[in-house]
Number of protein chains: 2
Amino acid sequence: MKKVDIFKKLRSSGLRPTKQRVEIAKFLFEREKTFHFTVESLENQLAKKSTCKFALATIYNTIHAFKKAGHLSEVDVRGKKTYFDTNITNHHHFYDGETSELIDIDSSEVVIQKIPKAPNGKKIKNVEVFINLKN
Amino acid sequence: MKKVDIFKKLRSSGLRPTKQRVEIAKFLFEREKTFHFTVESLENQLAKKSTCKFALATIYNTIHAFKKAGHLSEVDVRGKKTYFDTNITNHHHFYDGETSELIDIDSSEVVIQKIPKAPNGKKIKNVEVFINLKN
DNA sequence: TTTTTACTTTAGAATTATTATAAACTAAAT
DNA sequence: ATTTAGTTTATAATAATTCTAAAGTAAAAA
């Protein structure tokens, strides 16, 4: 992902490209593969990688703006912390309860043959499959 | 569910049948259909239905013991509160984000044709399907 | 029974993740 | 250069949950 795209992501999220936000955006989007993170893990890694400081509130605000703009998705995981995913395509997850680790499953890896129809007046937004793992 | 079964549930969860615990167990298990609840909703309903008082800690402790013993399951839902389910069979859920409502889907209503194999050294514990709803 | 022991309840404090606030700061428009 | 509108930050507030320690209760022992 190029610098230009980082700026595009920020603008399309309604965010001015400040030092902190550019660093966050680069950290999230300037990589080959998508990944999962929590605000806590993001804070730790930013603290290591970057020279400037980040208030927690800044990280929360930025992440939420990205999410609202569709550049990040949130993953349903049991537990206290919220998990985010830079993979915004339709996909599924393995979840390893022992390590609290999430692993992406490509949409094509799961085929659902039968599904109930939505209840009265509701429509199906999307279908998410969680495969819980054990040792 | 008979009184005897309530006591069985308590004992198998390692809990002495105290007044509070019996009331909680009756409220959860003495009904025709399974249902979903949060600790907050449970507290409210117990306060209405019952004569005795319940400390929050008692509700949390009791629920956790039931869960540990397999008499309750926890549902993965995005959000702050934890949802519990008295349906402990393998099943799936509709989730209505607008009303925060969970609806059970019987296992037989969903047929999965293809699924990836578990990663290195791990096994599949179970597969949960979430159908997110919109209006 | 009574006594003893181990487990329980409870109110309130502590913790954890997250969100709100308001003062100092900075980017962009004028 | 100055103004304006948006930002960062430290800290306070909130919300769900867990911990704690004192007072209470069920079950076991005598």
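Just so it is clear: chains get the letters A, B, ... in the order the sequence lines come, proteins before strands, and each one is counted from 1. Model, not experiment: these values are computed from the prediction.
By the 6.0 Å and 45° rule, R11(B) does not stack over the aromatic ring of F7(B).
Rounding to whole angstrom units, CD of residue E43(B) and P of dA15(D) are separated by 14 Å. In this structure, R11(A) atom CZ and dG6(D) atom C1' are separated by 15 Å, rounded to whole Å. Across the protein-nucleic acid pair, I59(B) atom CD1 and dC19(D) atom P stand 17 Å apart, rounded to whole Å. Note: CG (L10(A)) to P (dT7(D)) measures 10 Å, nearest angstrom. To the nearest angstrom, P of dT17(D) lies 12 Å from NZ of K67(B). Separating the CZ atom of F37(B) from the P atom of dT17(D) is a distance of 11 Å, rounded to the nearest angstrom.
Between dT18(D) and H64(B), a contact under 4.0 Å exists linking OP1 or OP2 to a side-chain N or O.
Through direct or indirect side-chain contacts shorter than 4.5 Å among Ile, Leu, Val, Met, Phe, Trp and Tyr, Y83(B) is connected to V75(B), V77(B), Y95(B), L102(B), F130(B). Summarising the hydrophobic clusters (Ile, Leu, Val, Met, Phe, Trp, Tyr; side-chain heavy atoms under 4.5 Å, direct or chained), the residues clustered with I103(A) are F94(A), I105(A), V110(A), I112(A), I115(A), I124(A), V127(A), V129(A), I131(A), L133(A), F94(B), I103(B), I105(B), V110(B), I112(B), I115(B), I124(B), V127(B), V129(B), I131(B), L133(B).
Partner of F66(B) under the ring-ring contact (aromatic ring centres under 6.0 Å, His included) criterion, chosen from F29(B), Y60(B), F37(B): F29(B). Exactly one residue among N132(B), N87(B), D76(B), D85(B) makes a side chain to side chain contact (heavy atoms under 4.5 Å, CB included) with H93(B). That residue is D85(B).
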Contact string for nucleotides 2-17 of chain C, one letter per nucleotide 5' to 3', B = base within protein heavy-atom range under 4.0 Å, S = sugar-phosphate only, - = neither, reads ----BSSSBB-----S
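Classification of K114(B) and E109(A) as a salt-bridged pair fails, no side-chain N sitting under 4.0 Å from a carboxylate O.
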